[in-house]
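Before any comments, here is the structure.
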Amino acid sequence: FLIIIGIPFEFLFLNYSYLFIASESFTIYNRINLSRAIINLILILTFVLSLDFGLLGVAIAKFLSTLITFLYALSIIDRTNWMSLSKRWNRKTNMLILNYAKNFYVIGLLGHIQELTLKTLSATFLTSSNLAFFSQGEASAKLLNRIPDSLFVIIYPRISKLSKEDSSE
């Protein structure tokens, strides 16, 4: 139940992350993601080890870390040039924003499906020792992907801006 309640906050947190990426505020983007990871770790250790909540503690920690970092991201946004929602509600602009973000959503969804499918198949067909080696290899591969993924986060908005400039010329 707690995970279902957390889905809108995950969605909003993801959109604020995309906003920081699109505005090339990478320091803020990194700060909120690092804060989320640290808060999640501290809460998991508190709920699971100290309070002995078990799996419920992990779910509570996930929800609270997302909520806290979303509220933090919401509080640090520069609103100096913002207009009221009724003055700036523009269907065309909203469609452009969704068009920009849809690539991130599709990539994230496909990556998640691929990861779950791979884990399910390996858990089904591998022995426990082979599954342990597979898990270690998967963890190492994720670590190796950190640098290209970080570059992707920085380069994607710039490429989007270039393609927009090229289409206007």
Side-chain angles (χ1 to χ4, degrees), residues 1-70 72-73 95 97-163:
F1 177 72
L2 198 59
I3 294 172
I4 293 172
I5 293 173
I7 290 174
F9 293 109
E10 287 278 347
F11 177 76
L12 291 170
F13 179 80
L14 190 63
N15 283 323
Y16 273 95
S17 295
Y18 295 155
L19 176 67
F20 292 128
I21 291 169
S23 64
E24 296 186 9
S25 302
F26 301 115
T27 305
I28 295 172
Y29 173 78
N30 289 333
R31 190 182 316 145
I32 62 172
N33 282 316
L34 181 64
S35 300
R36 183 180 188 190
I38 291 170
I39 291 169
N40 194 31
L41 175 67
I42 291 169
L43 290 175
I44 285 175
L45 292 175
T46 302
F47 288 130
V48 173
L49 298 178
S50 301
L51 301 176
D52 200 28
F53 277 19
L55 193 55
L56 178 63
V58 174
I60 293 171
K62 173 81 170 154
F63 173 75
L64 288 177
S65 65
T66 301
L67 180 64
I68 291 168
T69 50
F70 165 68
Y72 173 67
M95 294 309 291
I97 290 170
L98 287 175
N99 190 31
Y100 177 79
K102 77 177 178 189
N103 296 323
F104 286 107
Y105 295 129
V106 170
I107 289 168
L109 181 63
L110 291 176
H112 190 66
I113 290 170
Q114 184 260 345
E115 186 177 333
L116 290 177
T117 304
L118 192 60
K119 285 182 180 180
T120 303
L121 288 174
S122 58
T124 304
F125 294 112
L126 295 177
T127 63
S128 58
S129 61
N130 288 340
L131 185 59
F133 284 119
F134 173 78
S135 296
Q136 290 297 320
E138 185 182 36
S140 299
K142 283 184 180 181
L143 185 62
L144 289 174
N145 280 335
R146 291 287 183 189
I147 293 172
D149 289 347
S150 299
L151 290 174
F152 171 74
V153 165
I154 293 170
I155 292 173
Y156 186 77
R158 293 182 183 177
I159 291 173
S160 296
K161 287 179 185 175
L162 289 176
S163 64

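- For the atom pair Ile32 CD1 and Ile39 CD1, the distance stands at 11.0 Å (nearest 0.5 Å).
- Here CD1 of Ile38 is found 4.0 Å from CG of Leu34. Values are rounded to the nearest 0.5 Å.
- Once rounded to the nearest 0.5 Å, the distance linking CZ of Phe125 with OG1 of Thr120 reads 10.5 Å.
- Pairs passing the salt bridge (Lys or Arg N to Asp or Glu O under 4.0 Å) check and including a residue from residues 41-51, sequence neighbours excluded, do not occur.
- Screening residues 28-41 for salt bridge (Lys or Arg N to Asp or Glu O under 4.0 Å), with sequence neighbours left out, gives Glu10-Arg36.
- Taking CG from Leu64 and OG1 from Thr69, the interatomic distance works out to 10.5 Å, rounded to the nearest 0.5 Å.
- Annotation: the span from Leu118 atom CG to Ile113 atom CD1 amounts to 13.5 Å, rounded to 0.5 Å.
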Can you list, pair by pair, the side-chain donor-acceptor contacts under 3.5 Å of residues 41-56, counting residues two or more places apart and other chains?
from	atom 1	to	atom 2	distance (Å)
Thr46	OG1	Ile42	O	2.8

Pairs of donor and acceptor atoms involving the side chains of residues 128-138, under 3.5 Å and at least two apart or interchain, shall be tabulated with distances.
from	atom 1	to	atom 2	distance (Å)
Ser129	OG	Thr127	OG1	3.4
Asn130	ND2	Thr127	OG1	3.3
Ser135	OG	Leu131	O	3.0

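- With sequence neighbours excluded, the residues forming a side chain to side chain contact (heavy atoms under 4.5 Å, CB included) with Leu110 are Val106, listed by chain and number.
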